[in-house]
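Okay, so here's the structure we're looking at.
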Number of protein chains: 2
Amino acid sequence: MKRKTFTCGLDAAIAVMGGKWKALILWELSQGPLRFGELKRSVPGISERMLILQLREMQTTGLVAREVYHQVPPKVEYSLTDFGHSLISVLIPLGKWGEEHMEHIEATTSA
Amino acid sequence: MKRKTFTCGLDAAIAVMGGKWKALILWELSQGPLRFGELKRSVPGISERMLILQLREMQTTGLVAREVYHQVPPKVEYSLTDFGHSLISVLIPLGKWGEEHMEHIEATTSA
DNA sequence: TTCAGTACTGACATTTTTGTTAGTGGAGGT
DNA sequence: ACCTCCACTAACAAAAATGTCAGTACTGAA
């Protein structure tokens with residue numbers, strides 16, 4: 001996440017959705033808006049810190065929208081923007097590919 | 001690259017093609033087989049070490065095949081396997097998405 | 001009155017990834 | 001004789017990503 005110029009579109013796409021958590025978060029949000037705590041529970045293993053960092057980055061790239069409801073148990077809802085939806089639509093085939101080959105991938109990636 | 005279980009297909013796919021270089025290498029190889037030195041020149045900025053590390057990982061996951069020609073300037077050719085081609089076919093839409101939004105991505109990803 | 005839940009933030013530590021530099025050994029060019 | 005290319009490898013260093021833990025201010029429930 002430190003370049004300004006990309007050598008190809010894949011490069012740019014990965015800059016936006018690469019890393020350990022972003023795709024997972026996008027995936028959850030593609031099912032509908034979620035508040036912070038819900039999102040945390042639906043992405044198993046993520047820490048609050050990581051979740052916020054990733055959400056912040058995705059806000060600045062415009063993939064995710066954040067809406068605050070001024071209530072007294074505070075409520076903040078995250079959702080995909082149109083831009084986010086456009087990304088998810090091309091990520092779905094990749095996700096299917098991963099599912100189809102998951103056994104093989106589990107067996108061959110690292111120890 | 002240190003898990004055995006994935007929460008979804010995207011997760012698995014990213015385990016296989018995530019990181020700074022793999023997608024770029026896959027992209028180059030999708031145009032046809034290349035030898036080590038050619039690959040190095042066509043992926044600008046990659047170091048020899050990184051190139052080999054990534055190639056090795058992609059060999060063990062079965063995306064890339066390595067063929068050695070026992071000649072006297074040694075010649076080693078890398079190519080995509082069928083598995084690799086199946087991955088590239090779902091990565092192409094992602095690459096197109098990245099191209100279409102590249103300006104926006106360049107403008108919004110980090111300093 | 002203590003505890004859980006709300007959505008975070010900051011300091012710090014560790015892990016993972018990436019990069020740098022130097023070196024292998026043989027052959028061909030100048 | 002010297003340099004380059006070939007495809008690597010090893011030791012080490014730096015940078016980036018991720019994780020851990022504590023704490024914020026408020027409210028309602030036990």
Side-chain angles (χ1 to χ4, degrees), chain A residues 1-4 6-7 11 14-26 28-29 33-61 64-79 109-111, chain B residues 1-4 6-7 11 14-26 28-29 33-61 64-79 109-111:
Chain A
M1 276 260 172
K2 284 286 140 63
R3 254 164 316 175
K4 315 107 196 271
F6 301 105
T7 58
D11 210 3
I14 287 177
V16 145
M17 49 63 72
K20 190 172 177 180
W21 301 111
K22 291 209 185 74
L24 268 43
I25 296 170
L26 287 174
E28 292 301 326
L29 289 180
L34 290 171
R35 43 199 301 191
F36 183 81
E38 292 172 330
L39 207 40
K40 182 186 148 195
R41 282 186 290 273
S42 49
V43 180
I46 198 170
S47 67
E48 297 187 343
R49 173 178 141 78
M50 271 302 121
L51 182 51
I52 299 179
L53 287 181
Q54 304 302 310
L55 285 170
R56 293 257 180 281
E57 287 183 18
M58 292 165 115
Q59 279 168 244
T60 75
T61 54
V64 164
R66 173 179 189 263
E67 179 151 19
V68 182
Y69 297 84
H70 293 289
Q71 299 175 350
V72 169
K75 171 174 174 181
V76 181
E77 228 179 38
Y78 293 90
S79 58
T109 50
S110 118
Chain B
M1 275 262 173
K2 283 288 141 61
R3 253 162 318 173
K4 314 110 196 266
F6 301 105
T7 58
D11 208 4
I14 287 176
V16 145
M17 49 62 72
K20 191 172 178 181
W21 301 112
K22 292 208 185 73
L24 269 43
I25 296 170
L26 286 174
E28 292 301 326
L29 289 180
L34 289 172
R35 43 200 300 191
F36 183 81
E38 291 172 330
L39 206 40
K40 181 185 148 194
R41 282 186 289 275
S42 49
V43 181
I46 197 169
S47 67
E48 297 187 344
R49 174 178 141 77
M50 272 302 120
L51 182 51
I52 299 178
L53 287 181
Q54 304 302 309
L55 285 170
R56 293 260 179 280
E57 286 183 19
M58 292 166 114
Q59 279 167 243
T60 75
T61 54
V64 164
R66 173 178 190 262
E67 179 150 21
V68 182
Y69 296 85
H70 293 288
Q71 299 174 352
V72 171
K75 171 175 173 180
V76 181
E77 226 178 40
Y78 293 90
S79 58
T109 50
S110 121

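First the proteins, then the strands, lettered A, B, ... as listed; each starts at 1.
- Side-chain proximity of A/Phe36 to D/dT18, C/dC8, D/dA7: nearest is C/dC8.
- Per the geometry, CZ belonging to B/Arg56 stands 18 Å off P belonging to C/dT17, to the nearest Å.
- When every heavy atom of A/Phe36 is checked against every heavy atom of A/Leu55, the shortest pair comes out as CD1-CD1, 4.3 Å.
- For the residue pair B/Phe6 and A/Thr109, the shortest heavy atom distance occurs at CZ-OG1, 4.1 Å.
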Do any side-chain atoms of residues 40-47 of chain A form donor-acceptor pairs under 3.5 angstrom with protein atoms, and if so which ones, sequence neighbours left out?
residue, atom, partner, partner atom, Å
A/Lys40, NZ, A/Glu48, OE2, 3.0
A/Ser42, OG, A/Glu38, O, 2.9
A/Ser42, OG, A/Leu39, O, 3.2
A/Ser47, OG, A/Met50, N, 3.2

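- Nucleotide D/dT18 holds its P atom 12 Å from the CG atom of A/Leu24, rounded to whole Å.
- Between A/Leu53 atom CG and D/dT20 atom C1' there is a gap of 13 Å when expressed in whole angstrom units.
- Taking both residues in full, the closest heavy atoms of B/Lys22 and B/Glu57 are given as NZ-OE1, 2.8 Å, listed atom of the first, atom of the second, then distance.
- Side-chain nitrogen and oxygen atoms of A/Lys20 include at least one within less than 4.0 Å of the OP1 or OP2 phosphate oxygen of D/dG19.
- The nearest whole Å value for the distance from the NE2 atom in A/His70 to the P atom in D/dC26 is 16 Å.
- Contacts of B/Tyr78 with the nucleic acid, taken as non-hydrogen atoms under 4.0 Å apart, involve only primed sugar atoms and P, OP1 or OP2.
- B/Arg35 contributes a side-chain N or O that, together with a main-chain N or O of B/Pro74, makes up a donor-acceptor pair within less than 3.5 Å.
- Here the side chains of B/Met17 and A/Ile14 are in contact, with some heavy-atom distance below 4.5 Å.
- Straight-line distance from the CG atom of B/Leu51 to the P atom of D/dT9: 12 Å, rounded to whole Å.
- Between A/Ile25 atom CD1 and D/dA17 atom C1' the separation is 14 Å, expressed in whole Å.
- Atom-to-atom, NZ of B/Lys40 to P of D/dA7 comes out at 10 Å; the value is rounded to the nearest Å.
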Could I get a table of every N or O pair under 3.5 Å where one atom is in the protein and the other is in nucleotides 20-29 of chain C?
residue, atom, partner, partner atom, Å
C/dT20, O4, B/Arg49, NE, 3.4

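- Heavy-atom nearest nucleotides on DNA chain C were determined for B/Ile46 and for A/Arg35, and the one closer to the 5' end corresponds to A/Arg35.
- The CD atom of A/Gln71 sits 13 Å away from the P atom of D/dG28 (whole-angstrom rounding).
- Under the side-chain contact (heavy atoms from CB on, under 4.5 Å) criterion, B/Pro33 pairs with B/Glu77, B/Ser79, not counting sequence neighbours.
- Relative to the side chain of A/Ile52, the nucleotides D/dC6, C/dT9, C/dT18 differ in distance, and C/dT9 lies closest.
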